[in-house]
There are 2 protein chains.
Amino acid sequence: MTTSPTDPLTLEVVELIGTVVARYYTEYEQAAAQHSLTGAQARVLGLLSLEPVPMRRIAQKLRCEPSNVTGIVDRLETRGLVERRPDPDDRRVKLAAPTPEGLETSRRLRESLDFAREPLSRLSEAERALLRDLLKRMLGENVL
Amino acid sequence: MTTSPTDPLTLEVVELIGTVVARYYTEYEQAAAQHSLTGAQARVLGLLSLEPVPMRRIAQKLRCEPSNVTGIVDRLETRGLVERRPDPDDRRVKLAAPTPEGLETSRRLRESLDFAREPLSRLSEAERALLRDLLKRMLGENVL
DNA sequence: TATTGTTATACTCTATAACTATA
DNA sequence: TATAGTTATAGAGTATAACAATA
């Protein structure tokens with residue numbers, strides 16, 4: 001049912017992407033751990049850093065069940081990094097929002113994502129632009 | 001202490017890589033689930049498909065503590081996908097090896113990594129070659 | 001003594017199902 | 001009745017520490 005290419009070149013690229021994913025993922029976890037956060041907690045905190053988000057929406061972003069978000073936000077809240085706010089428009093909804101400290105932690109976490117930038121320093125600006133365009137084409141329109 | 005580039009272009013590429021990682025990772029988990037495997041179990045099984053591997057070596061590859069591998073291999077063994085063998089050269093070592101059924105499951109799992117190939121079909125062969133070279137340069141020599 | 005694998009423990013993430021309070 | 005969030009539960013992954021067997 002598929003028409004995906006299976007030529008050696010494509011498989012080599014798939015392998016390389018797998019390597020990038022493995023490296024990026026484990027190093028993200030380590031960066032989170034340096035701030036005493038789990039990967040899931042770091043992802044949620046990063047998500048909130050733009051604007052307060054309903055619990056349900058967080059679950060959708062993380063692709064997990066809403067019941068899990070309760071615990072993750074609980075732990076962030078216990079540590080004073082996040083707070084729950086009522087939604088003026090719908091009293092069923094709770095908005096998770098970062099505290100000032102949470103915002104600061106999120107900022108430092110983003111800083112320490114240096115490991116993701118470092119490998120790119122091996123490429124010239126023109127090559128980085130090329131890589132950007134290839135990745136965008138690969139990901140298509142539905143980039144979220 | 002860092003000289004990593006922080007220009008908008010670099011940050012955009014970092015963002016794109018993050019998107020690739022998130023998509024690839026969750027879809028890998030889903031592919032594993034279709035075979036009633038967790039992500040960790042699928043990774044271990046894939047690791048063994050080339051040759052039997054000592055427990056300790058599995059932990060190094062997964063970047064986790066050796067004690068965790070015991071449980072993961074236990075569950076794979078219970079399902080008849082993996083077996084433990086003695087190492088003739090060192091009686092302390094146990095080699096984890098796939099059963100014929102485990103090998104077949106590993107093969108089908110690899111097949112279903114189709115999702116990773118599909119986005120690449122949007123690129124021409126020349127573009128895929130370009131992407132390969134950029135990724136290789138980015139990852140450097142230590143690609144494992 | 002050092003190393004390999006295991007056990008025991010505690011914490012987090014995960015899905016499922018049932019519950020509550022709103023809509 | 002439908003939806004948002006929670007609770008309760010069970011399974012899996014994780015790190016830490018202590019242990020037995022072997023080197």
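Only this structure's heavy atoms are used, side chains among them; waters, hydrogens and symmetry mates stay out. Order of the sequence lines fixes the chain letters, A, B, ..., with proteins taken first and strands second; residue numbering starts at 1 for each chain. Here the structure is a predicted model, which is why all the values come from computation and not from measurement.
Both B:V93 and A:R75 lie near DNA chain C, and the one whose nearest nucleotide falls closer to the 5' end is B:V93.
The separation between B:Q30 atom CD and C:dA15 atom P is 10 Å, rounded to whole Å. Rounded to whole angstrom, the span from the CG atom of A:L95 across to the P atom of D:dG5 amounts to 8 Å. If you take CG of B:D74 and P of D:dG11, they are 15 Å apart, rounded to a whole angstrom. Distance, A:I72 CD1 to C:dT14 P: 5 Å, rounded to whole Å. Atom CZ of B:R56 and atom C1' of C:dT6 are 11 Å apart (whole Å). As rounded to whole Å, 14 Å separates atom P of C:dT4 from atom CD1 of B:I58. Regarding A:E77, its CD atom lies at a distance of 15 Å from the P atom of C:dT12, rounded to whole Å. Between the CG atom of A:L62 and the P atom of C:dT14 there is a distance of 7 Å, rounded to whole Å.
The distance from atom CG of B:L130 to atom CG of A:D133, rounded to the nearest 0.5 Å, is 10.5 Å. Taking CD from B:E83 and CG from B:L48, the interatomic distance works out to 10.5 Å, rounded to the nearest 0.5 Å. Remark: B:M55 CE to B:Q60 CD distance equals 12.5 Å, nearest 0.5 Å.
The two residues B:S121 and B:R128 have their closest heavy-atom pair at CA-NH1, 4.1 Å. Nearest heavy-atom pair, A:T38 versus A:A32, reported as atom, atom and distance to 0.1 Å: O-CB, 3.8 Å.
Backbone-only contact: A:R84 has heavy atoms under 4.0 Å from sugar-phosphate atoms and none from a base.
The closest side-chain heavy-atom distance from A:V13 to A:T10 is not below 4.5 Å. Side-chain contact between B:R56 and B:V69 is absent, with no heavy atoms from C-beta onward closer than 4.5 Å.
Applying the salt bridge (charged side-chain N to carboxylate O under 4.0 Å, His left out) test to residues at least two apart or on different chains, the pairs with a partner in residues 39-50 of chain A are A:E29-A:R43.
Heavy-atom distances under 4.0 Å link DNA chain D to no residue of residues 32-42 of chain A.
Hydrophobic side-chain contacts under 4.5 Å tie A:L95 into a cluster, directly or through other members, with A:V93.
Under 4.0 angstrom from either OP1 or OP2 of C:dT6 there lies at least one side-chain N or O belonging to B:K94.
The number of heavy-atom neighbours closer than 6.0 Å to CZ of A:R63, taken from other residues, nucleotides and ligands shown, is 12 or below. The number of heavy atoms from other shown groups lying within 6.0 Å of CD (A:E104) is above 12.
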Which side-chain N or O atoms in residues 74-82 of chain A pair as donor and acceptor under 3.5 Å with protein atoms at least two apart or in another chain?
unit_1: A:D74; atom_1: OD1; unit_2: A:R84; atom_2: NH1; d: 3.0
unit_1: A:D74; atom_1: OD1; unit_2: A:R84; atom_2: NH2; d: 3.0
unit_1: A:R75; atom_1: NH1; unit_2: A:G71; atom_2: O; d: 3.4
unit_1: A:E77; atom_1: OE1; unit_2: A:R84; atom_2: NH1; d: 2.5
unit_1: A:E77; atom_1: OE2; unit_2: A:R84; atom_2: N; d: 3.2
unit_1: A:T78; atom_1: OG1; unit_2: A:D74; atom_2: O; d: 2.9
unit_1: A:R79; atom_1: NH1; unit_2: A:S36; atom_2: O; d: 2.4
unit_1: A:R79; atom_1: NH2; unit_2: A:H35; atom_2: O; d: 3.4

Could you list, one pair per line, each protein nitrogen or oxygen that sits under 3.5 Å from a nitrogen or oxygen of nucleotides 21-23 of chain C, together with the distance?
unit_1: C:dA23; atom_1: OP1; unit_2: A:R91; atom_2: N; d: 3.0

Heteroatom pairs (N/O) under 3.5 angstrom, protein to nucleotides 16-20 of chain D:
unit_1: D:dT16; atom_1: O4; unit_2: B:S67; atom_2: OG; d: 2.7

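Among the nucleotides C:dA15, C:dT4, D:dG5, the one closest to any side-chain atom of A:C64 is C:dA15.
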